[in-house]
Amino acid sequence: MTTERRLADGIVAALAALHIPVEPQEVQLVRPARPEHGDWSTNAALVVAKSVGRAPRDVAAALVAALQDAEIYEVVAVEAAGPGFVNFKLATSWLHHALMDVVAAGEETYATPELGAGERVQIEFVSANPTGPLHVGNGWLGSYGDALGRVMSRCGWEVEREFYVNDTGGQIRLLGESLLARRRGEVVPEEGYQGEYVTQLAQQYEGPEDIVQAGRFASEAILENIRETLERLDICFDEWYSQASIEESGQVGETIELFRERGLVYEDDGAIWLRSTEVGDTRDRVLIRSNGDVTYLAGDLAYHRDKFLVRKFDRVIDVFGADHHGQVASLKAGVTALGIDRDRLEIRLGQLVNIVGRRMSKRSGNFIKLDSVIDEIGADATRLLSLLNSIDQATTLDLELMKRRSMENPVFYVQYAHARIAAIDRKRAERGIERVPISEANLALLIHDRELELMRCLVDLPYVVGEAAKERAPHKVTNWVRLLAGEFHGFYHDCRVLSDEVPFELTQARLWLVEGVRIGLAIALSLLGVRAPDAM
RNA sequence: GCCCCCGUAGCUCAGUGGAUUAGAGCAGCUGCCUUCUAAGCAGACGGUCGGAGGUUCGAGUCCUCCCGGGGGCGCCA
């Protein structure tokens, strides 16, 4: 049983003994930022004060007395503080036990909070049009979606990642036209695709002078290039879902029929409309244009019908760039019109990114190829760079920083910590030192401030991973791992593991502490999709 | 006009209800290498948390309005 569990149970029991009713969710047990506030702290007295009509400090005092009587294991002091917090001070041994827990659980099972309860969630992300190479923004949200999937999987969600391939419609025709124009040596139409890759594809295309076939050829080749780029970043998908396939399968018609049955379809100006204002949209939307083509929205709604009603996901998370904000209202409304609880569809909008020193015209970040960034700074740095900040914030990425081989560069800083640990282990082997089983190590010798800080940091990982999953914010894992790496470099500087000056027993204890840190680094880096190297 | 995101140190950003001194990294300043990688560690400096009201025992964090930046409001995708 963890210390946290013991304290939480103790608080509930103490409140019960005092006949104070409470909603358990309101009571928080946190690790305070300031050491003088103890090892753990609860706001229980503050949140129940109003309902029992007593001053928070009075409740806190009563709670303290009850908790003292309870004599919880390893708790050496309970005190009321500030406006009514109850702070717990624990024997240092609680950290040693926590370290044992980390090592016992290991990389596989440490920090795997059961939050998802097996809920089946689909995360759709990137879904870039196969009309050109991926840009920086795709890598940014691709890293986000992939890391979010990893974090949620670790927390007990059953995750599937999907890439929606927009392989049909006007843009593919336009791509075909652009390619054919290039092959004829003519100028590409003004709204067409001007990129040099079109010229290259035109040279490879040996098919007929047919827009559809040329478009398909080009989009397939480009999609292949997209896959390769994503693979370089270790961004994986379970499914590549074709928009063309959903249109050809008749599902669009079935979806529109469903809307019709609900009386949400009408004709106007020769087009077929969805009365989406009935279900929360700001305006009605066209499903079938007057020329007979289905709109992107109609396909997208058929696609979401497939996600919810055919494949039966409990929850769907769509990750879009902020430039797709216009789709949100109609998608939500369409899903509602299908009789699906709109809260089961989560749409995360990532703000647009810019690059330091590359003067942006409008959305300039989007014109920088992802492949060239990976060439420049490497895959690990590209991923970590993308996971440094919240996607809610329009950020300016600094490529130069990520190229430096020094502490200023977060990816090197963190990976270097892992490499240093591996170096210690190599040195240990060289010196013929065996690591004794942890049960035989005297962890009580770990009392240096650096050592205690490292253990405190490790204790926080399950909480951090859980928050990252619940808030769909994998960058919280990045923050944590940078912190852990920082603590480790401090420890490394002040506390030698292998040295004639260090007693054998302390060496053994430190070897296990270092192993705990390695586990923490390995877990966090794997969630972020960044390699944990043994040497640099 | 309406909708979404943001405004925190010179720069890039954490922090999204909790504790009389709001954090990190970088830039600039100062120390520390016969030692497991100095690709490191430490110290000092640096902020009216865009502004004004409000809710609360408690607000950078929640609500309202205003100012500023980005994005979006197609029979495009």
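Each chain gets a letter, A, B and so on, in the order its sequence line appears, and its residues count up from 1.
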Can A/Tyr416 be said to stack with the base of B/G40, given centres closer than 5.5 angstrom and planes under 30 degrees apart?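 Whether judged by distance or by angle, A/Tyr416 falls short somewhere, so it does not stack on the base of B/G40.
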Do we count A/His37 as stacking onto B/A19 if the rule is ring centres under 5.5 Å and planes under 30°?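 The base of B/A19 is stacked with A/His37 (centres under 5.5 Å, planes under 30°).
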How should the glycosidic conformation of B/C11 be described, syn or anti, under the criterion that syn lies within 90° of 0? anti
Measure all distances between protein nitrogen or oxygen atoms and nitrogen or oxygen atoms of nucleotides 14-16 of chain B, and list the pairs falling under 3.5 Å.
residue	atom	partner	partner atom	Å
B/A14	OP1	A/Ser390	N	2.9
B/A14	OP2	A/Gln393	OE1	3.1
B/A14	O2'	A/Asn479	ND2	2.7
B/G15	OP1	A/His475	NE2	3.1
B/G15	OP1	A/Lys476	NZ	3.4

[X] [atom1] - [N] [atom2] separation (whole Å):
X: A/Leu175; N: B/A77; atom1: CG; atom2: P; value: 15 Å
X: A/His489; N: B/C36; atom1: NE2; atom2: C1'; value: 14 Å
X: A/Asp284; N: B/G74; atom1: CG; atom2: P; value: 13 Å
X: A/Leu301; N: B/C75; atom1: CG; atom2: C1'; value: 15 Å
X: A/Leu331; N: B/C73; atom1: CG; atom2: P; value: 14 Å
X: A/Tyr413; N: B/G40; atom1: OH; atom2: P; value: 8 Å
X: A/Glu487; N: B/A42; atom1: CD; atom2: P; value: 8 Å
X: A/Leu506; N: B/C36; atom1: CG; atom2: P; value: 17 Å

Under 3.5 Å, which protein N or O atoms sit close to an N or O of nucleotides 67-69 of chain B? Give each pair with its distance.
none

Mind checking if [X] touches a base, just sugar-phosphate, or nothing, with heavy atoms under 4.0 Å?
X: A/Ser499; result: nothing
X: A/Asp500; result: nothing
X: A/Arg450; result: sugar-phosphate
X: A/Arg283; result: sugar-phosphate
X: A/Ala81; result: base
X: A/Gln327; result: base
X: A/Ala535; result: base
X: A/Ala419; result: base

Which nucleotide, [options], lies nearest any side-chain atom of [X]?
X: A/His493; options: B/C32, B/C36, B/U37; answer: B/C32
X: A/Tyr492; options: B/C13, B/C41, B/U37; answer: B/U37
X: A/Leu46; options: B/G71, B/C36, B/C57; answer: B/C57
X: A/Phe412; options: B/C41, B/U12, B/A39; answer: B/A39
X: A/Met536; options: B/U37, B/C75, B/A77; answer: B/U37
X: A/Pro83; options: B/C57, B/A39, B/A77; answer: B/C57
X: A/Leu352; options: B/G71, B/A19, B/C75; answer: B/G71
X: A/Arg420; options: B/G40, B/A19, B/A39; answer: B/G40

Between A/Phe163 and A/Tyr241, is the ring centre distance below 6.0 Å? no
Got [X] and [Y] here, is their nearest side-chain heavy-atom distance under 4.5 Å?
X: A/Phe125; Y: A/Ile317; value: no
X: A/His448; Y: A/Glu453; value: no
X: A/Gln508; Y: A/Ile433; value: yes
X: A/Val414; Y: A/Arg482; value: yes

Write out the stems for RNA chain B, ordered by first number and formatted as range with range, counting runs of at least 3 consecutive Watson-Crick or G-U wobble pairs under 3.5 Å. B:1-7 with B:67-73, B:10-13 with B:23-26, B:29-32 with B:40-43, B:50-54 with B:62-66
Show me the donor-acceptor pairs within less than 3.5 Å that the side chains of residues 489-497 of chain A make with the rest of the protein, sequence neighbours left out.
residue	atom	partner	partner atom	Å
A/His489	ND1	A/Arg420	NH1	3.0
A/His489	NE2	A/Tyr413	O	3.0
A/Asp494	OD2	A/Arg450	NE	2.8
A/Asp494	OD2	A/Arg450	NH2	3.2

Does the pair [X]/[Y] count as a salt bridge with the N-to-O cut at 4.0 Å?
X: A/Glu430; Y: A/Arg428; value: no
X: A/Asp460; Y: A/Arg31; value: yes
X: A/Glu451; Y: A/Arg510; value: yes
X: A/Lys307; Y: A/Glu124; value: yes
X: A/Glu278; Y: A/Arg275; value: no

Reading RNA chain B from 5' onward, which residue's closest nucleotide shows up sooner: A/Gly490 or A/Glu501?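 Nearer the 5' end of the strand: A/Glu501.
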Residue whose closest nucleotide on RNA chain B lies nearer the 5' end, A/Asp425 versus A/Gly270: A/Asp425
Tell me yes or no: between the side chains of [X] and [Y], is some donor less than 3.5 Å from an acceptor?
X: A/Asp380; Y: A/Gln415; answer: yes
X: A/Gln327; Y: A/Ser330; answer: no
X: A/Arg342; Y: A/Thr336; answer: yes
X: A/Glu79; Y: A/Asn87; answer: no

Atom pairs, protein N/O to nucleotides 27-29 of chain B N/O, distance under 3.5 Å:
none

According to a strict under-4.0 Å criterion, is A/Arg496 in side-chain N/O contact with OP1 or OP2 of B/U37?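 Looking at the OP1 and OP2 atoms of B/U37, neither is under 4.0 Å from any side-chain N or O of A/Arg496.
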Taking only residues two or more places apart in sequence, or in another chain, which ones meet A/Arg173 in a side-chain contact (heavy atoms from CB on, under 4.5 Å)? A/Ile211, A/Val212
Separation between the P atoms of B/C65 and B/C26, rounded to whole Å: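 Looking at atom P only, B/C65 and B/C26 are 41 Å apart.
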Within 45 degrees of the ring normal and closer than 6.0 Å to the centroid, is that where the cationic atom of A/Arg285 sits relative to A/Trp273? no
